[in-house]
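Read the structure below first, then the notes.
FYI, side chains are in, hydrogens and waters are out, and symmetry mates aren't considered; it's all heavy atoms of this structure. Whatever order the structure lists ligands and atoms in, that order sets their numbers, starting from 1. These figures come from a predicted structure and were not determined experimentally.
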Amino acid sequence: MNILVVGSGGREHTFTWKLAQSKRCDKLYVAPGNAGTESIATNLPISPTDFNAIAAAIDTFKINMVVVGPEDPLVKGIVNYFRSKKEYDDLIIIGPDQTGAQLEGSKDFSKSFMNKYGIPTAKAKTFNATQYQEALNYLETQTCPIVLKADGLAAGKGVIIASNMDEAKEALKEILIDKKFSDAGNKVLIEQFLKGIELSVFVLSDGKNYIMLPEAKDYKRIGENDTGLNTGGMGAVSPVPFAQGAFLKKVEDQVIKPTIDGLNDEGIDYKGFLFIGLMNDNGNPYVIEYNVRMGDPETQAVIPRIESDLVELFEAAGREKLNEFSIKLNPKTAVTVVSVAGGYPESYEKGNEISGITNAEDDATIVFHAGTKTQDGKVTTNGGRVLAVTSLADSIMDAKTQTYSKIKKISWKDMYFRRDIADDLLKYSS
Ligand code: AMP
Ligand code: GLY
C-alpha cells in the first residue's frame, strides 16, 4: 500500500524508517518531512494542517494509509475532515478524531474525563477569566509547590510549577489576565503537585481493543541533572527499569483499561496512539497528562524496539483488528540522545552544515533526523532539536556508551547535547 506520514520531526523520521522496512509498503510520502525522510521516502511540501492539500496528495498518489505524527492536525480535526467524505471510507488514518484529540487539546476536558472514570490523577480546579478573584481565593487555600496549567495547546510551555505563592499568583495573572498563552489560557487549571518519577506509557487503540507499546523515560530539561529550561525532550530510554511487572499491571488496570472503556462510553472512536504521561509515586501511577500522539524523542527509542511489521500493526489498528495482533518486541535497551542547535530552547541558528552522520550509523545505531533539511546537496540544521541518535544494546550502560561514542562522530557549529542521558537509570541495572 501507499502511505503518507504527516509531520517533520524525529518522530516522523522514525515512523518512516520503520514503515519503509515493511514488505507491505509500496510508495512512502512525508508531508513535509526533513532531510532524513527525504533519503528513504518522497517529501511533499505540504503543511500538516493544510487538509485540502493533504487530500489532493492522497488523490494524486493513491494513498491508502495516513499516519498523523503531531497533535496540531488532530486537534484541528484532520480525521473528521476525511471521515466526513465518503470517497475516503477505505482510507486508514492513524490518529483520533477531534473529540478524542481533546484529551490533549484541553486539559480541562482530560481532567474531567479522568475524574469521571476514576483514573488516578492530581486534584485540580478550573477557572476562567471572569472567575479570576475566585481563582485567587482558591489558590490561597493551597500549598506550594503548586501547578498552573493553561487549558489549551501552548507548545509545551503552558505548565508552570510555582514553588511559592507569589510565583503562583503571578502565573495565574499571566495566564488569565495578561493572556500570555492567548486563547489557550482562556481557562486555567490549578493543580496539586505530584511527587515521584515520571515516565511515558504508549498505547495503540483501534477504538475497541488496544496494544501496549514499550514504555520510555524522557529527559525534558536542557541542562544536565535536569536543570534549566524545559525542552521538547533531550533524550529517551526504553524499557524503563523502575516501571516493570506490578507497576505496569497497575498502569494497565487503573489507567489504560478505564481510559479505553471511558472513550467507548463517550462514543469516541479512538483509532490511534495514546501517550500517557505518568508519575510513579511509590509504586502507584498518577496521570500527569494525555497526549494523542507518540512522544518525541520517545518514539526514537520505542519504535526501534518493535520487531513486528509496522504497516501490519497500523492496518490492524485501522481495521479494528488489534485483538488479532500479537506484537513482537526486542528485549534490548534503547538509549536515544538528542542533539540540538546551540541556544535552544531559546533562539538558535539555522542553516549550519552537519557532518559525520553516516559515520555514526551501524548495525546497533540509527541517526534520526528532526530539524534538518537538504540544501545544495548538504544536510543542514533547520530547527532546535536537530538529530536523535539511538543505540540498542543488552544493557542500559552498553546502549548509552554506544550512543555517546557515535554522537562524537557528528558535528556542526554550536551543536549541544546532554551527557547524562540514562545515568539516573544505571542504579537499577543488575
Ligand atoms: P504537561 O504539559 O502537562 O506535560 O506538563 C509538563 C511537565 O510539567 C510534565 O512533564 C511534568 O514534569 C510537569 N507536571 C505537570 N503536571 C504536574 C503535576 N501535577 N505535578 C508535578 N509535575 C507536573
Ligand atoms: N517528549 C514529550 C512529548 O513528546 O510531548
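- In terms of heavy-atom proximity, Pro239 sits nearest to Lys332 at CD-O, 3.7 Å.
- Nearest non-hydrogen protein atom to atom 12 (O) of ligand 1 is Glu198 OE2, 2.5 Å.
- Within 4.0 Å of ligand 2, protein heavy atoms come from Asp218, Gly232, Phe275, Arg293, Gly295, Asp296, Pro297, Glu298.
- Taking the six-membered ring wherever Trp is involved, the centroid distance between the rings of Phe202 and Tyr210 does not fall below 6.0 Å.
- Using modelled atom types, one finds no donor on one side chain facing an acceptor on the other under 3.5 Å when comparing Asn382 with Thr372.
- Within ligand 1, counting atoms from 1 as listed, the ones closer than 4.0 Å to a heavy atom of Phe193 are 20 (N), 21 (C).
- The closest protein non-hydrogen atom to atom 2 (O) of ligand 1 is Val159 CG2, 3.3 Å.
- A salt bridge does not link Glu191 with Lys123: none of the charged nitrogens is closer than 4.0 Å to a carboxylate oxygen.
- Of the candidates Arg221, Arg418, Lys220, Asp226 forms a salt bridge (Lys or Arg N to Asp or Glu O under 4.0 Å) with just one, namely Arg418.
- For the residue pair Asp261 / Asn264, no side-chain donor-acceptor distance below 3.5 Å is found, with atom types taken as modelled.
- Remark: ligand 1 atoms within the under-4.0 Å shell around heavy atoms of Lys220 are 10 (O).
- The protein non-hydrogen atom at the shortest distance from atom 1 (P) of ligand 1 is Glu289 OE1, 3.2 Å.
- With a 4.0 Å heavy-atom cut-off, ligand 1 is reached by the side chain of Ile161 but not by its N, CA, C or O.
- Separation of the Phe314 and Phe273 ring centroids falls under the 6.0 Å cut-off.
- When non-hydrogen atoms are compared, ligand 1 lies under 4.0 Å from the backbone of Gln192 (N, CA, C, O) but not from its side chain.
- Scanning all protein heavy atoms for the shortest distance to atom 15 (C) of ligand 1 gives Ile288 CG2, 3.4 Å.
- Of all protein heavy atoms, the one closest to atom 19 (N) of ligand 1 is Glu191 OE2, 2.8 Å.
- Heavy-atom contacts of Lys107 reach the following atoms of ligand 1: 1 (P), 2 (O), 3 (O) (cutoff under 4.0 Å).
- Scanning the protein heavy atoms around atom 16 (N) of ligand 1, the nearest turns out to be Lys149 NZ, 3.0 Å.
- Among the atoms of Leu194, some N or O lies under 3.5 angstrom from an N or O of ligand 1.
- For CG of Asn137, the number of neighbouring non-hydrogen atoms (other residues, nucleotides, ligands) closer than 6.0 Å is greater than 12.
- Looking at residues two or more places apart in sequence or on another chain, you find no side chain to side chain donor-acceptor pair (under 3.5 Å) involving Tyr404.
- When only modelled atom types and interatomic distance are considered, Asp309 and Ser22 share a side-chain donor-acceptor pair under 3.5 Å.
- Separating the CG atom in Leu313 from the CG atom in Leu204 is a distance of 5.0 Å, to the nearest 0.5 Å.
- Taking both residues in full, the closest heavy atoms of Lys250 and Gly283 are given as NZ-O, 3.2 Å, listed atom of the first, atom of the second, then distance.
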